[in-house]
Student: 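One structure, pasted below without further comment.
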Amino acid sequence: MPKLQFPDPSGRFDGRCVRFEARDGSTPVSCGVTIYALKHQCSDLPLEGLLPAESFLAAYNNSLSIIHMVAAQKYSRSQFEPQGDVDIMVHDHDFG
């Protein structure tokens with residue numbers, strides 16, 4: 001069974017999600033969490049209005065363990081994104 005690891009937990013905001021890298025052995029896996037998911041999972045973020053990138057990065061860092069757990073679960077179930085350059089995207093409904 002594949003096991004996703006997160007050797008460098010730092011994230012970077014790209015305007016639609018916070019991206020972070022994972023590895024399955026020597027294979028890199030591009031991951032992300034949507035800003036919609038962050039806004040709905042992190043009570044410190046307002047649901048409406050524009051926010052600076054630092055707000056999303058802080059929310060990601062505060063929820064790092066749960067976001068990584070969800071990404072790892074999606075990876076183990078082969079729930080890859082059908083298109084784009086992110087392999088595993090954590091969406092709001094993934095926390096349910």
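Scope of the values below: all heavy atoms of this structure, side chains included, with no hydrogens, waters or symmetry mates. Residues take their numbers from the sequence shown, with the count starting at 1.
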Student: Keeping to residues at least two apart or across chains, list the salt bridge (Lys or Arg N to Asp or Glu O under 4.0 Å) pairs with something in residues 31-40.
Tutor: none
Student: Identify, with sequence neighbours excluded, every residue that meets side-chain contact (heavy atoms from CB on, under 4.5 Å) alongside Pro28.
Tutor: Arg23
Student: Show which side-chain atoms of residues 60-73 pair as donor or acceptor with protein atoms under 3.5 Å away, not counting sequence neighbours.
Tutor:
residue	atom	partner	partner atom	Å
Tyr60	OH	Pro9	O	2.7
Tyr60	OH	His68	NE2	3.0
Asn61	ND2	Leu57	O	3.1
Asn62	ND2	Ala58	O	3.3
Ser63	OG	Ala59	O	3.4

Student: Enter the distance from Leu45:CG to Ser55:OG here, rounded to the nearest 0.5 Å.
Tutor: 6.0 Å
Student: With sequence neighbours left out, what residues match Asp14 under side-chain hydrogen bond (donor to acceptor under 3.5 Å, both in side chains)?
Tutor: Arg19
Student: Is there a chain of hydrophobic side chains (I, L, V, M, F, W, Y, each step under 4.5 Å between heavy atoms) that links Phe20 to Val29?
Tutor: yes
Student: Other than Leu47, what residues sit in its cluster of Ile, Leu, Val, Met, Phe, Trp and Tyr side chains whose heavy atoms are under 4.5 Å apart, directly or through others?
Tutor: none
Student: Once rounded to the nearest 0.5 Å, what's the spacing between atom CZ of Phe56 and atom CG of Leu38?
Tutor: 7.0 Å
Student: Under 3.5 Å, which donor-acceptor pairs link side chains of residues 87-96 to any protein atom two or more places apart or in another chain?
Tutor:
residue	atom	partner	partner atom	Å
Asp87	OD2	Ser30	N	2.9
His91	NE2	Glu81	OE2	3.3
Asp92	OD1	Gln41	NE2	2.8
Asp94	OD2	Lys74	NZ	3.0
Asp94	OD2	His91	N	2.7

Student: Not counting sequence neighbours, list each pair that qualifies as a salt bridge (Lys or Arg N to Asp or Glu O under 4.0 Å) and has a residue in residues 42-55.
Tutor: none
Student: Mind checking what makes side-chain contact (heavy atoms from CB on, under 4.5 Å) contact with Leu50, not counting sequence neighbours?
Tutor: none
Student: Among residues two or more places apart or on two chains, list those pairs meeting salt bridge (Lys or Arg N to Asp or Glu O under 4.0 Å) that have a residue in residues 60-72.
Tutor: none
Student: Is there a path of hydrophobic side-chain contacts, each under 4.5 Å between heavy atoms, that joins Leu4 and Phe80?
Tutor: yes
Student: Holding to salt bridge (charged side-chain N to carboxylate O under 4.0 Å, His left out), I want the full list of residues that pass it with Arg12, two or more places apart in sequence or in another chain.
Tutor: Glu21
Student: Write out all pairs satisfying salt bridge (Lys or Arg N to Asp or Glu O under 4.0 Å) with one or both partners inside residues 60-72, taking only residues at least two apart or from two chains.
Tutor: none
